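Worksheet for the structure shown next.
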2 protein chains.
Amino acid sequence: MIACLNIKQVEKISKALGDPYRLKIMNIISKSESCVQCCDVSAEFNLAQSTMSHHLKQLIDADLLIADKDGRNLKFVINKEVCAAYADYINSLLL
Amino acid sequence: MIACLNIKQVEKISKALGDPYRLKIMNIISKSESCVQCCDVSAEFNLAQSTMSHHLKQLIDADLLIADKDGRNLKFVINKEVCAAYADYINSLLL
DNA sequence: CAAAAACATCGAAATATTTAGATATTTAAA
DNA sequence: TTTAAATATCTAAATATTTCGATGTTTTTG
């Protein structure tokens with residue numbers, strides 16, 4: 001039922017999560033009721049816009065976030081399927 | 001019931017898992033029936049001994065592996081509690 | 001259409017990680 | 001007790017990542 005990730009995907013996801021800013025971004029988006037915009041996320045950190053863009057790209061490239069372009073804004077949601085599959089992979093290590 | 005990890009621990013664990021060799025090490029140790037020795041792990045890879053030692057250290061420092069010194073050998077097992085707590089953290093992102 | 005807003009991309013500097021070789025330490029075996 | 005085996009540590013080179021500023025693109029607004 002849950003998608004299965006290969007080891008390369010797991011590596012990429014782990015790498016994406018291995019940064020304090022990107023972890024916080026995941027938390028912010030996870031906790032928000034609705035979609036979160038890029039500038040909402042940026043506002044939380046003291047980082048250049050290009051840096052934030054880079055971090056978000058890594059989360060999107062790892063399929064942890066789904067980005068939806070809405071005019072000149074980007075909105076994000078957690079990719080629940082991939083997060084669940086990743087958690088599943090980790091849990092499979094302890095079987 | 002499951003231990004709760006803080007964001008710094010999650011970052012460290014993610015970083016530790018964000019490398020192909022270290023992921024493979026986790027898989028090898030996970031799949032093995034009994035304890036795995038350092039030299040067993042090294043034999044699977046074409047890496048210098050010092051490099052392997054470095055990778056194993058990172059997994060141990062992240063509390064993903066428990067090392068047990070047995071004479072001049074090191075034996076490893078998966079730290080199931082920490083792995084489970086990590087998977088739990090990931091799952092908490094999709095609530 | 002010109003200006004502004006939101007985001008992406010590029011280039012370069014700063015920093016961190018990976019890797020190997022040399023050497024050290026600890027324990028077992030001869 | 002010398003030697004060998006297993007692992008750790010140190011140093012340095014190679015490589016990768018992070019960060020910013022400058023600039024580019026797209027879309028909205030005046």
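Sequence lines set the chain letters: A, B, ... in the order given, protein chains first and strands last, and positions in each chain run from 1. Only a predicted model underlies this, so the values are computations on that prediction, with no experimental measurement involved. Heavy atoms only: backbone and side chains are in, while hydrogens, waters and symmetry mates are out.
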May I ask you to evaluate whether S53(B) reaches the phosphate of dT7(D), defined as a side-chain N or O under 4.0 Å from OP1 or OP2? no
In whole angstroms, how far is the C1' atom of dT7(D) from the CD atom of Q58(B)? 16 Å
If you round to the nearest 0.5 Å, how far is CD of Q37(B) from OG of S42(B)? 10.5 Å
Y86(B) and D63(B) side chains, donor-acceptor separation under 3.5 Å: no
Donor-acceptor under 3.5 Å (S14(A) side chain, V10(A) main chain): yes
K75(A) has an atom NZ; how far is it from atom P of dT27(D), in whole Å? 15 Å
Report which part of the nucleic acid L47(A) touches: base, sugar-phosphate, or nothing (heavy-atom distance under 4.0 Å, all strands). sugar-phosphate
Expressed as a whole number of angstroms, how long is the span from L74(A):CG to dT26(D):P? 14 Å
Please report the distance, rounded to the nearest Å, between NZ in K15(B) and C1' in dT18(C). 14 Å
Atom NZ of K12(B) and atom P of dA16(C) are separated, to the nearest Å, by 15 Å
Taking any heavy-atom pair under 4.0 Å as a contact, classify H55(A): base, sugar-phosphate, or nothing. sugar-phosphate
Looking only at side-chain N and O atoms, does S50(B) come under 4.0 Å of OP1 or OP2 in dG21(C)? no
Just by protein heavy atoms under 4.0 Å, how would nucleotides 23-30 of chain C read 5' to 3' in B, S and -? ----BSS-
Here the distance between atom C1' of dA6(D) and atom NZ of K57(B), to the nearest Å, is 17 Å
CG-SG distance between L64(B) and C83(B), expressed to the nearest 0.5 angstrom: 5.0 Å
Rounded to whole Å, NZ of K24(A) lies from P of dT18(D) at a distance of 14 Å
Electrostatic pair D68(B):K75(B) at N-O distance under 4.0 angstrom: no
side-chain N/O T51(A) vs dC20(D) OP1/OP2, d < 4.0 Å: yes
Rounded to the nearest 0.5 Å, the CG atom of N79(B) sits from the CG atom of L65(B) at a distance of 8.0 Å
Separation of dT15(D) atom P from H54(B) atom NE2, nearest Å, is 17 Å
Flag the pair L17(B) / M26(B) as yes when at least one side-chain heavy-atom distance between them is below 4.5 Å, and no otherwise. yes
